[in-house]
Amino acid sequence: DTILFNQYDHNTRVLLLSMALFEEFTPVMTIMVTGNPEAERILFQLVNTTSIFVYSDKVYRIIPLFREYLIWKQSQMCSEAFRARNYHNAGLFYELEGDLPQALFCYTQSGEKEKISELLTRNSEFHPGKGRFFETEAYYRALPRETVLSSPQLISYMSMLCSLCGQIED
């Protein structure tokens, strides 16, 4: 632990534990997830002084073995609330970036059922060609029946989804 983790200052350790949840991330995402305006500087410093990151195409990746260690370390040191907050913040980042599938994944991981329902309802209002039927199918199907039945948009979207999948009886 001293060599792998404790050598870093507090802000760097928090950044590493926060971002270990994600296979890849940008500096802006790191700032949003951690809430630390210095996150980009910390990333830059880590990339230039260690070999724990791969940086290409403006995207950072933690090398797999170190990422596994950080996920284990996170399970030992951090609360479920810490993990949920990081997923919530990442979900917000992806939502603002227009990446609905990633936003839904993050909100699912943070346990935010209302936010998932809100995003799916908003998505169902788009033109069918922009609705991302197959990317979001599992999330729509996971909605409680009463949630779907309480929203005309969701009923319509589910009908279209079932038709596309050849499930006429649903």
Side-chain angles (χ1 to χ4, degrees), residues 1-127 130-140 142-143:
D1 265 3
T2 302
I3 294 171
L4 289 177
F5 189 71
N6 291 338
Q7 68 173 317
Y8 301 112
D9 64 56
H10 174 75
N11 287 336
T12 302
R13 289 193 307 261
V14 170
L15 181 143
L16 290 169
L17 291 172
S18 297
M19 301 316 294
L21 296 170
F22 310 101
E23 289 187 28
E24 59 183 42
F25 45 90
T26 64
V28 174
M29 179 181 173
T30 305
I31 291 167
M32 284 191 69
V33 169
T34 64
N36 183 346
E38 294 294 313
E40 187 170 6
R41 181 192 58 75
I42 295 168
L43 281 174
F44 183 77
Q45 181 180 7
L46 286 169
V47 165
N48 289 314
T49 60
T50 71
S51 58
I52 61 175
F53 284 97
V54 175
Y55 178 74
S56 64
D57 299 324
K58 301 179 183 178
V59 174
Y60 291 91
R61 290 174 189 82
I62 301 172
I63 60 170
L65 190 59
F66 192 63
R67 183 170 176 247
E68 288 176 30
Y69 165 77
L70 289 172
I71 290 170
W72 171 82
K73 190 72 173 166
Q74 183 190 83
S75 72
Q76 303 298 306
M77 293 183 64
C78 302
S79 67
E80 189 57 37
F82 174 85
R83 185 176 142 92
R85 186 185 75 240
N86 288 327
Y87 272 120
H88 167 82
N89 292 347
L92 180 59
F93 168 79
Y94 286 122
E95 185 180 348
L96 293 172
E97 290 288 310
D99 190 341
L100 180 64
Q102 282 291 81
L104 290 168
F105 172 79
C106 290
Y107 287 135
T108 298
Q109 296 301 307
S110 68
E112 296 181 68
K113 294 176 183 173
E114 289 298 316
K115 190 65 177 173
I116 294 165
S117 180
E118 174 191 323
L119 283 180
L120 291 174
T121 301
R122 194 177 330 142
N123 184 61
S124 67
E125 295 169 356
F126 288 129
H127 179 277
K130 294 184 178 184
R132 299 178 173 170
F133 284 98
F134 298 108
E135 295 171 293
T136 58
E137 177 183 1
Y139 297 102
Y140 279 100
L143 287 173

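None of the values given here were measured: they were computed from a predicted structure. Along the sequence shown, residues are numbered consecutively beginning with 1.
Partners of Ser110 under the side chain to side chain donor-acceptor pair (under 3.5 Å) rule, at least two apart in sequence or in another chain, are Glu112. Every salt bridge (Lys or Arg N to Asp or Glu O under 4.0 Å) that Arg41 has, sequence neighbours left out, goes to Glu38. By the side chain to side chain donor-acceptor pair (under 3.5 Å) test, Thr34 is found to be paired with no residue, residues two or more places apart in sequence or in another chain being considered.
Taking both residues in full, the closest heavy atoms of Leu43 and Phe25 are given as CD2-CE1, 3.9 Å, listed atom of the first, atom of the second, then distance. In terms of heavy-atom proximity, Tyr87 sits nearest to Phe105 at CE2-CE2, 4.1 Å. Considering all non-hydrogen atoms of both residues, Ala103 and Leu119 come closest at CB-CD1, 4.1 Å. Nearest heavy-atom pair, Leu70 versus Leu17, reported as atom, atom and distance to 0.1 Å: O-CD2, 3.7 Å.
Residue pairs satisfying the salt bridge (Lys or Arg N to Asp or Glu O under 4.0 Å) criterion with at least one member in residues 22-35, sequence neighbours excluded, are listed as follows: Glu24-Arg61. Applying the salt bridge (Lys or Arg N to Asp or Glu O under 4.0 Å) test to residues at least two apart or on different chains, the pairs with a partner in residues 63-76 are Asp1-Lys73. Residue pairs meeting the salt bridge (Lys or Arg N to Asp or Glu O under 4.0 Å) criterion with at least one member in residues 83-96, sequence neighbours excluded, are Glu80-Arg83, Glu95-Lys115, Glu95-Arg122.
Within 6.0 Å of atom CD in Glu40, 12 or fewer heavy atoms from other residues, nucleotides or ligands are found, so the atom counts as exposed in its surroundings. In Gln76, the CD atom is crowded: over 12 heavy atoms of neighbouring residues, nucleotides or ligands sit closer than 6.0 Å. Few gaps surround CZ on Phe82; more than 12 heavy atoms of other groups in view lie less than 6.0 Å from it.
The side-chain heavy atoms of Phe22 and Val33, taken from C-beta on, include a pair separated by under 4.5 Å. Using a 4.5 Å heavy-atom cutoff, the side chains of Phe66 and Phe53 are not in contact. The shortest distance between side-chain heavy atoms of Val14 and Asn36 does not fall below 4.5 Å. In this structure, the side chains of Leu96 and Met32 come closer than 4.5 Å at one or more pairs of heavy atoms. Taking the side chain as every heavy atom from C-beta outward, Phe93 and Thr30 never approach each other to under 4.5 Å. Between Tyr107 and Tyr94, every side-chain heavy-atom pair lies at or beyond the 4.5 Å cut-off.
Annotation: the span from Glu135 atom CD to Asn123 atom CG amounts to 9.5 Å, rounded to 0.5 Å. In this structure, the separation between CD on Glu114 and OG1 on Thr121 is 9.5 Å, given to the nearest 0.5 Å. In this structure, CG on Leu65 lies 12.0 Å from CD1 on Ile52, to the nearest 0.5 angstrom. The distance from atom OG1 of Thr26 to atom CD of Glu97, rounded to the nearest 0.5 Å, is 7.0 Å. The CG atom of Asn89 sits 9.5 Å away from the CE atom of Met29 when rounded to the nearest 0.5 Å.
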Tell me, with the steps shown, if Leu21 and Gln74 meet side chain to side chain contact (heavy atoms under 4.5 Å, CB included).
-> CA-CA 9 Å; Leu21 296 170; Gln74 183 190 83; 3.4 Å; yes

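Taking the six-membered ring where the residue is Trp, Tyr55 and Tyr60 present tilted rings, their angle falling between 30° and 60°.
Within the 3.5 Å criterion, the main-chain N or O of Val59 finds no donor-acceptor partner in the side chain of Asp57.
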